[in-house]
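Throughout, numbering of the chain's residues begins at 1 and tracks the sequence.
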Amino acid sequence: MIVLKEIVYKVSIEAVKGSTDIAVNAIDFDSRKIGSNDLFIAIRGTQSNGHDFIQKAIQQGAIAIVCDTFPTEIVDGITYIQVKDTNKALAFIAANFYGNPSHSLKLVGITGTNGKTTIASLLYQLFQKAGHKVGLLSTVKIMVADTEYKATHTTPDSISINKYLREMVDSDVTHCFMEVSSHGIHQQRTEALQFEGGVFTNLSHDHLDYHPTFAEYRDVKKSFFDHLPKSAFSLVNIDDKNGIVMMQNTVSRKLTYALKSYANYKAQILESQMSGLLMKINENEVWVRLIGTFNAYNLLAIYGTAVELGLDSFEVLRLLSELESVSGRFQYIVSNEKITAIVDYAHTPDALENVLKTINDIRTKNEQLITIVGCGGDRDKTKRPIMANIATTLSDKVIITSDNPRTENPETIVAEMEKGVEPQNFKKAVSITDRKQAIKTACQLAQPNDIILIAGKGHETYQEINGVRYDFDDMQIVKELLTQLGK
């Protein structure tokens, strides 16, 4: 148990009713999880308002409440703390409750539209190979050294982040690599964390269902770098025009990486094949198993981060050559009839274009490129026609299908995507709402040496329809179908 006044250290408090000299057993923002002598933090979320559940939290045993407005009914014996922003308060409360674990390891945050998962996951892999105990907070999974936990969000809530970081510190983890989403920054989940460094990948069309404008989306990402301390480093992709914006107000050490511009960390692609890339990084050549220009950027960011964290540059090059692709990121299999099936998480216009251009750069053009693409429900609708336009422009055949429709009608999503198909590409496109049937059709159409790209879901092993998650693994399904069809 920890004394309340220690838990609210650094929290901007506006008013207090009751004593802060009381012991608190646990903290939570979910009233259903509150028990005896716990602290309840009332958060105004997108779905519900925690202030509506203050009485329930007290009934469950809460001894203290953090809120931005005092409730009309004040219960004797309960401490109420009024703050300006409960999200920001939660970040500091969580960090204090778990003993500020981010101060006891080297935490690096990776932000941007594309590449976050690959960079964070491969840094985890690289530092493990270098003999360190490492942590990972990613979309795909959470790792505390060798212990794996399931991930539910790109950036977990403040309590979960600090709980995992505490476990890492207690397990002697020295480095942690963390995906930092725009939602996580905006909701101040990273506010009380101490970062050793921040990495910016790129910025393109995404999350405009959450952020009203692209400018706000960009500025939220920028605010992450604005808050980095002097002791930290900022490593940004200077080939992206937003890279310079990220560094405008940061007091951290400014570093750049690029394939096309002058930078601290510079690379060149010498050869590109389906089996990997031959790259020159800061004048040294290295063969890597990852594919495509977008991965060259990812690997350069990994190289720069590892060197900034003190690893020997030649040792980092050696370790880069051993890295294997992340689940659902340009994962591919080759069937008996030499049909290549690629599964990729590409769910933004920029990511889809990158993957398709990579495939087109490598292939001979004597084979068909068949792309299966969908868009998620309850998310940014403006990208739907753009995604279909990119797919039909850069592929020989396209099957427009369902992704995670969530609470939307999948046929409506497909119809909105179809609007982006230009007249000259009408004959290339067909719409099949059932995703499994779409994959089966692609397998039936594929001839020896053809390429099938299944985009959008990547590592996900489910399809979400009306609040229910059904088992659905793109890679497993395409393997089974190609085998069944004798291909």
Side-chain angles (χ1 to χ4, degrees), residues 105-112 114-151 154-156 164-165 167-169 171-180 195-201 233 235 237 257 265 267 275-279 281 284 286-332 342-345 458-461 475:
L105 45 68
K106 292 185 176 182
L107 178 64
V108 176
I110 298 102
T111 195
N114 303 311
K116 295 188 295 294
T117 302
T118 298
I119 293 170
S121 301
L122 293 182
L123 276 165
Y124 169 83
Q125 212 184 106
L126 188 145
F127 272 75
Q128 264 205 325
K129 287 175 182 289
H132 293 275
K133 274 200 168 185
V134 200
L136 172 69
L137 294 167
S138 83
T139 309
V140 179
K141 60 187 174 184
I142 290 158
M143 298 296 298
V144 177
D146 296 323
T147 305
E148 183 176 331
Y149 297 95
K150 194 175 179 183
T154 304
T155 308
Y164 287 125
L165 289 174
E167 193 178 332
M168 289 177 198
V169 172
S171 302
D172 299 322
V173 163
T174 56
H175 299 76
C176 177
F177 302 102
M178 173 182 179
E179 286 187 54
V180 178
F195 285 92
E196 186 79 12
V199 179
F200 169 73
T201 61
F233 66 84
L235 177 62
N237 174 5
Y257 68 98
Y265 294 99
S275 56
L277 294 168
L278 179 63
M279 293 173 64
I281 298 180
N284 294 298
V286 60
W287 174 263
V288 293
R289 299 177 196 176
L290 277 72
I291 299 157
T293 303
F294 61 97
N295 269 325
Y297 279 106
N298 293 338
L299 288 159
L300 191 52
I302 291 162
Y303 175 84
T305 302
V307 171
E308 291 305 320
L309 289 172
L311 265 58
D312 176 76
S313 58
F314 289 105
E315 176 67 357
V316 175
L317 287 173
R318 186 185 70 76
L319 294 170
L320 282 182
S321 68
E322 295 178 8
L323 298 180
E324 294 174 4
S325 66
V326 179
S327 173
R329 273 37 178 206
F330 215 100
Q331 248 189 314
Y332 70 93
I342 301 164
V343 170
D344 194 271
Y345 189 53
H459 64 281
E460 293 175 354
T461 55
M475 181 57 83

Of all heavy-atom pairs between [X] and [Y], which one has the smallest distance, and what is that distance?
X: Ile142; Y: Pro156; answer: CD1-CG, 4.4 Å
X: Asp146; Y: Gln128; answer: OD1-NE2, 3.0 Å
X: Val286; Y: Ser321; answer: CG2-CB, 4.1 Å
X: Ala130; Y: Leu311; answer: CB-CD2, 4.0 Å
X: Cys176; Y: Leu105; answer: CB-CD1, 4.2 Å
X: Glu167; Y: Tyr149; answer: OE2-OH, 2.5 Å

Taking the side chain as everything from C-beta on, heavy atoms only, tell me whether [X] gets closer than 4.5 Å to [Y].
X: Arg318; Y: Phe314; value: no
X: Val307; Y: Tyr265; value: yes
X: Ile110; Y: Thr305; value: no
X: Met168; Y: Leu137; value: yes
X: Val108; Y: Leu309; value: yes
X: Leu290; Y: Arg329; value: no
X: His459; Y: Val326; value: no

If you round to the nearest 0.5 Å, how far is [atom2] of [Y] from [atom1] of [X]?
X: Ser121; Y: Met143; atom1: OG; atom2: CE; value: 10.0 Å
X: Met178; Y: Leu123; atom1: CE; atom2: CG; value: 14.5 Å
X: Leu277; Y: Arg289; atom1: CG; atom2: CZ; value: 13.0 Å
X: Thr117; Y: Tyr345; atom1: OG1; atom2: OH; value: 7.0 Å
X: Thr174; Y: His132; atom1: OG1; atom2: NE2; value: 5.5 Å
X: Asn284; Y: Ile281; atom1: CG; atom2: CD1; value: 8.5 Å

Centroid-centroid distance, Tyr303 to Tyr257, less than 6.0 Å: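 Between Tyr257 and Tyr303, which both carry aromatic rings, the centre distance is not below 6.0 Å.
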- Would you say the side chains of Ser325 and Gln331 form a donor-acceptor pair under 3.5 Å?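 No - no donor-acceptor pair under 3.5 Å links their side chains.
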Using modelled atom types and a 3.5 Å cut-off, is there a donor and acceptor pairing between side-chain atoms of [X] and backbone atoms of [Y]?
X: Glu179; Y: Thr139; result: yes
X: Thr201; Y: Asn114; result: yes
X: Ser171; Y: Val173; result: no
X: Gln125; Y: Glu324; result: yes

| field | CA sep, side-chain torsions, deciding dist, call: Lys141, Tyr124, side-chain contact (heavy atoms from CB on, under 4.5 Å) | value | CA-CA 11 Å; Lys141 60 187 174 184; Tyr124 169 83; 5.7 Å; no
So Phe330 and Tyr332, would you call those rings parallel, tilted or perpendicular, with 30° and 60° as cut-offs? perpendicular
Can Leu122 and Asn298 be said to form a side-chain contact (heavy atoms from CB on, under 4.5 Å), step by step? CA-CA 9 Å; Leu122 293 182; Asn298 293 338; 5.9 Å; no
*Determine, step by step, whether Thr118 and Phe294 satisfy the side-chain contact (heavy atoms from CB on, under 4.5 Å) criterion, reporting the C-alpha distance in whole Å, the side-chain angles of both residues, the deciding distance to 0.1 Å, and the verdict.*
CA-CA 10 Å; Thr118 298; Phe294 61 97; over 6 Å; no
Assess the residue pair Glu308 and Val199 against the criterion (side-chain contact (heavy atoms from CB on, under 4.5 Å)); give the C-alpha distance rounded to whole Å, side-chain angles, the decisive distance to 0.1 Å, and a yes or no. CA-CA 11 Å; Glu308 291 305 320; Val199 179; over 6 Å; no
